[in-house]
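One structure below.
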Amino acid sequence: MADAYLIHAEPLGAAIRELVRGFGSEQREVELVTDNLIQANLTGHDSHGIGMLPRYSEAWAEGGLKANAHIKTLMDGGALLRVDGQAGFGQVVGHEAMTLAIERAKKFGSCIMALGNSHHLCRIGAWAEMAVAEGFVSIHFVNVISRPIVAPFGGRDARFGTNPFTVGIPVAGRDPILLDFATSVIAQGKARVAHNKREKLPPGRIIDNEGRDSDDPAYAVVDPLGAILAFGEHKGYGMAVACELLGGALSAGLVGGPATGERRVLNGMLTIVLDPKAIADAASFERETRAFLDWVTASPPRAGFDKVRLAGEPEREWRAKRLAEGIPVDANTWNELLEAAVRLKVDPAKISRLAGVKS
Ligand SMILES: NC(=O)c1ccc[n+]([C@@H]2O[C@H](COP(=O)([O-])OP(=O)(O)OC[C@H]3O[C@@H](n4cnc5c(N)ncnc54)[C@H](O)[C@@H]3O)[C@@H](O)[C@H]2O)c1
């Protein structure tokens, strides 16, 4: 058996569509879930790609993830919205909530949208991309309701999730800025990917179940669990707390706590969508943005770097490469997907056939 398979986006998408049908999803849901996960792989974030589906299938089997659920509006103040994701696929309810927020930003110049009770919203950058495509700024504070996996600064055990923070900024005539990261030093899925590939982590990423420094990604994946550290020490930790309070307590009305053993992953998200033309002088915003980005990226590269990049650029580079060469899927992840197929009563041989994988 190969250690990894290199699969082009199209056949991989066909296989994943077939798998997602196993949830009993309507066609639009099949498309949204598949496209979102494949896009995460294409942008280099395997931690948030098709490798999430085994976890989704376990959450679905327990009743923690609902197929064919849609957003329900809980509060509609025009440019102020609160919606409930009804434990539906984040790929669907996230898309619906963002569509609504963008519609309102077009009408009012801005919209603050609180989304709670969404199943995993996956790569938060995907939601900023929707707003940026309309020429809007988009800011997201997100909390995670799942088994805690990140330790507070100075603490020796996990107390919260990898709470991502994301900002999208359109740049006239150029690619947008897309800053999108977990407030943990690595996303939990990156530890899962390293664990599946039997790789070690660099120092300063993880502590073991006794609170000691470790390089073993297993401490973020299987029992006994340790914890991932927050990025930037007290600063990333503080940002994670802000994400928990804004995405969780404020938007979702639900914050993380001790592990419950459930397999679902819920996200709460506070989103601010802003039309720059509605608040700023469009000409000076465009001019100053371009001038600053030119100035910053003209910094001569340091040893070990080929150039200075802007947020969003690595993802575009990954996308171009993987669209041309294919998406690498390690054998452990592929086997987990086939196990998920069995759970979803989908023929695993058909999944392999559609992807062109000979296992
Ligand atoms: N839904 C959830 O519960 C959840 C939780 C955590 C993370 N996530 C997602 O996981 C994904 C991965 O997060 P991560 O923290 O591993 O990301 P990461 O560490 O790869 O950082 C990504 C960000 O840094 C930028 N970047 C990377 N290299 C750069 C360089 N050389 N120069 C300039 N900018 C650079 C990228 O463009 C991007 O904005 C994100 O999409 C995030 O939304 C989701």
Side-chain angles (χ1 to χ4, degrees), residues 33 36-37 39-49 51-52 55-56 59 65 85 89-91 93-94 97 115-130 132 138-150 160-169 175-194 201-202 204-206 217 220 228-232 236 239-240 243-244 247-248 251-252 254 256 264-271 293 296-297 299 301-302 304-319:
V33 173
N36 177 275
L37 294 174
Q39 287 299 328
N41 285 110
L42 282 174
T43 49
H45 293 291
D46 294 329
S47 55
H48 287 72
M52 286 306 303
R55 176 79 186 252
Y56 291 0
L65 161 63
F89 274 104
Q91 288 82 356
V93 297
L115 168 64
N117 197 23
S118 164
H119 198 261
H120 192 235
L121 283 161
C122 212
R123 201 186 137 242
I124 306 306
W127 313 122
E129 280 165 3
M130 279 180 76
V132 157
S138 194
I139 304 170
H140 308 258
F141 297 87
V142 180
N143 87 324
V144 189
I145 305 289
S146 182
R147 188 172 182 162
I149 195 62
V150 182
F160 48 83
T162 53
N163 294 4
F165 173 73
T166 301
V167 182
I169 305 173
D175 290 319
I177 296 293
L178 258 162
L179 179 64
D180 172 31
F181 57 74
T183 47
S184 49
V185 69
I186 50 165
Q188 187 180 9
K190 295 225 161 102
R192 189 193 70 233
V193 171
L201 294 173
R205 306 293 194 269
I206 201 162
I228 304 175
L229 299 173
F231 87 92
M239 206 160 172
C243 285
E244 190 72 39
S251 299
L254 188 63
R264 67 175 193 182
V265 184
L266 293 180
N267 283 137
M269 177 165 80
L270 182 75
T271 294
L293 299 183
V296 167
T297 51
S299 176
R302 225 157 33 100
F305 290 82
D306 59 341
K307 65 171 185 167
V308 171
R309 286 175 173 74
L310 294 167
E313 215 172 324
E315 285 74 13
R316 287 189 290 274
E317 290 171 353
W318 276 114
R319 195 167 192 283

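One-based numbering, in listed order, for ligands and for the atoms of each. Since the model is a prediction, treat every value here as computed from it, not as a measurement. Heads up: numbering here begins at 1 and tracks the sequence.
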Report task. May I ask which of Ala182, Ala191, Ala40 has a heavy atom nearer to atom 13 (O) of ligand 1 than the others do? Result -> Ala182
Query raised in the report: Cys122 to ligand 1: N or O pair under 3.5 Å?
Result: yes
Query - Ionic contact status for Glu315 with Arg123, cut-off 4.0 Å - result: no
Requested in this report: Give the contacting part of His45 toward ligand 1: side chain, backbone, both or neither, where contact means a heavy-atom distance below 4.0 Å.
Outcome: side chain
Report task. Spell out, as yes or no, whether a donor-acceptor pair under 3.5 Å connects the side chain of Asn163 to the backbone of Val144. Result -> yes
Query raised in the report: Heavy atoms only: which of Lys307, Glu315, Lys190 is nearest to atom 16 (O) of ligand 1?
Result: Lys190
Report task. Would you name the heavy atoms of Phe165 and Cys243 that are closest together and state the gap between them? Result -> CB-SG, 4.2 Å
Query raised in the report: So between His48, His140, Met52, whose heavy atom ends up nearest atom 7 (C) of ligand 1?
Result: His48
Requested in this report: Check for a donor-acceptor pair, side chain of Thr43 on one end and backbone N or O of Ala40 on the other, with a separation under 3.5 Å.
Outcome: yes
Report task. Could you tell me whether Arg309 approaches ligand 1 through its side chain, its backbone, both or neither, with non-hydrogen atoms closer than 4.0 Å? Result -> both
Query raised in the report: Is the ring centre of His120 less than 6.0 Å from the ring centre of Phe89?
Result: no
Query raised in the report: Quick one: does Asp180 get within less than 4.0 Å of ligand 1, heavy atoms only?
Result: yes
Query - Proximity of Asn267 to ligand 1 by residue part, where a heavy atom lies under 4.0 Å - result: side chain
